[in-house]
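See structure below.
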Amino acid sequence: MTDPGAKSFYITTAIDYPNGAPHIGHSMEKVAADVMARFHRLLGDDVAFTMGLDENSQHIVTAAKTAGIETGPFTDEMDRVFRASWDALQISRSSWVRTTEPRHTVASQELFSRALANGDIYKSTYAGWYCPNCNNYYTEDELVDGRCPNHPSITPEWLEEENYFFALSKYSDFLRDHIAANPEFITPSTWTAEVMGLIESGLRDFSVSRRVKPDTEPWGVPVPGDPEHVLYVWFDALTTYLTGIGFPEDGGTSGRYWPADSQVIGKDILRFHTLYWPAMLASAGLPLPRRIAIHGFMTLEGRRISKTTGNVISPIEVVDEFGADPVRYYLMRDLSFSSDGDFSRSKLIRRYNDDLGNDLGNLLNRVVAMIGRYRGGVVPAASDGEAIEAELREIAANAHERAAHHIDQWQLNEALEEIWQLVRRANQYLEARKPWTLAKNEADAGLLDTTLYTAAEATRLAGLYLAPFIPGSADKIMAQLGLDPIADGDWTSKGTWGSADFGTVDPAGPLFPRIEVTE
RNA sequence: GCCGGCGUAGCUCAGCGGCAGAGCAAGGGACUCAUAAGCCCUCGGCCGGUGGUUCGAUUCCACCCGUCGGCACCA
């Protein structure tokens, strides 16, 4: 399917920490990344898309213990739940990395070894408040009245251990220069000042290993040549982005896809992806990702999502009720990628009914119904028409161009707004031409043909442009219009006016049946 | 405390030096192809406050108030 000469596009999402099932708040990042991946496939690019799970943490071991399950089966179950959630949302990942996989051990050790060989890793002393039950260190702030946050009965002791450090401080100038020279590296740019501020306030080296304690379950990637240590967080978690494309086999796929075009993360891990990660890559002699795309956080009905509040909703639950496309549409339309947003059931329903049902679904429905009624289902040939037809063609061309630009800039809600200009204009167009009136007069047959074709074509293009956002529905639009399902490269080859051969419409009923609000 | 974001119509937000914008919500109207949908019109804002720069500020600057984040080994 993919042209070997195609441009490659590599995108990743943050890997999740599977100490519990995913909730709706995790889904915005995944959907946004998926929209981008699908958009690039539509452009004809050869897309790789990595997601995964960060399983190498003592917190996971603790969570498994709490659940009374062995760590392996526990993470296997979490793995199943996470994949099922993203599948429900139609996230089109191409690779899935669990940090416990052997291939990931290889990749992490390789990255570590390269940084070591480059002289950026050294041994030093790490100190912190150690809780033996958690097998974890805490900072002063994290302790609750001097006790372990997870084990109120335990008073952690101050422990020092020798472990490995990464020389982040050496990269201050490099990072500052890179960020200044590549304004798109941090997207949206509102975060640039914050990151620069972090650099100016001074970067400290960070520890990258933990000593394996006796009598604890070994869990993690051994440090190459020093099995007394396991990699701690960064050289393990961040490396998944490389594992996903076959690193360190540079003759294979990783050479083709790296550097990543976009790495999508939440604002909480900004520091690690804009400072630690590029420094680690530079140290290992690898090029840096072109862009770190940072999204805001989601509240649920106005409240912070948290287990203690009890307001967690699973993505599967929401998809079961509304369908994947409506949820995807709502997330991308109402919640700005770059800022925090609130997920609200009533607003989702409003978006569904008003935008998807009334504007888009009803447009499709009236178009296929009229073509069926007035032209026996065959989309008629048409003349160019008059100014009003030209105007609609121009709106479509604008939507094509501007939506692409906005998607490229990670302004996904604005891309949808542009496409909706076309949807709205198509409805207005029908009101202006009044095909139901034209149909009453044989003398208007030619104009009726033009009107029906023009409306059908506008609907087709809107459906195509929406394909990255609502892929299943986009295909249904094509099917009702009697067209082939959307394929890779169609944004270009079929994205302009008149680039499809219509046949016979296939009315299949409302695309987004209205949801009746009860309360 | 330090750094940063935000505060514009009932709601969600756009605009960021030159007569206040969109969508939704609310009210009215003409139509009927369509998911009682679509279309048209109307209502609606001392653009958080105070001072300053400017011929002119929602837009730039200062301060204040409110609000939300970040402040490092925590995903």
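As the structure is a prediction and not an experimental result, all values here were calculated from the model. In what follows, chains carry the letters A, B, and so on, assigned in the order in which the sequence lines appear, proteins first and then strands, with residues in each chain numbered from 1.
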Where protein sits on nucleotides 24-34 of chain B, one letter per nucleotide: B base, S sugar-phosphate only, - none, heavy atoms under 4.0 Å
SS-----SSBB
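Going from the P atom of B/rC2 to that of B/rC43 covers 47 Å, rounded to whole Å. Nucleotides B/rC64 and B/rG23 place their P atoms 39 Å apart, quoted to the nearest Å.
Taking a pair as Watson-Crick or G-U wobble with both distances under 3.5 Å, the runs of three or more consecutive pairs in RNA chain B are B:1-7 with B:65-71, B:10-13 with B:21-24, B:26-29 with B:39-42, B:48-52 with B:60-64.
With sequence neighbours excluded, no residue forms a ring pair (Phe, Tyr, Trp, His ring centres under 6.0 Å) with A/H406. Partners of A/S262 according to the side chain to side chain contact (heavy atoms under 4.5 Å, CB included) rule, which considers only residues two or more places apart in sequence or in another chain, are A/I11, A/R291, A/W410. A search for side chain to side chain contact (heavy atoms under 4.5 Å, CB included) contacts involving A/D76 returns A/R98, not counting sequence neighbours. Evaluation of the side chain to side chain contact (heavy atoms under 4.5 Å, CB included) rule for A/F272 yields A/W234, A/I269, A/Y276 as partners, not counting sequence neighbours. Applying the side-chain hydrogen bond (donor to acceptor under 3.5 Å, both in side chains) criterion to A/R80, with sequence neighbours excluded, gives A/E77. Listed by chain and residue number, A/R211 satisfy the salt bridge (charged side-chain N to carboxylate O under 4.0 Å, His left out) test with A/E228 (two or more places apart in sequence, or in another chain).
If you check B/rC73, B/rC40, B/rG23 against the side chain of A/S207, the one that comes closest is B/rC73. Set against B/rA75, B/rC40, B/rC74, the side chain of A/Q428 has B/rC40 as its closest nucleotide.
Among residue pairs with one or both ends in residues 411-461 of chain A, those qualifying as ring pair (Phe, Tyr, Trp, His ring centres under 6.0 Å) are A/Y329-A/W420, A/Y453-A/F502; sequence neighbours excluded.
Aromatic ring centroids of A/F343 and A/H23 lie 6.0 Å or more apart.
If you find the closest nucleotide of RNA chain B to A/L356 and to A/A193, the one lying nearer the 5' end belongs to A/A193. Ranked by how close their nearest RNA chain B nucleotide is to the 5' end, A/G357 and A/F206 are led by A/G357.
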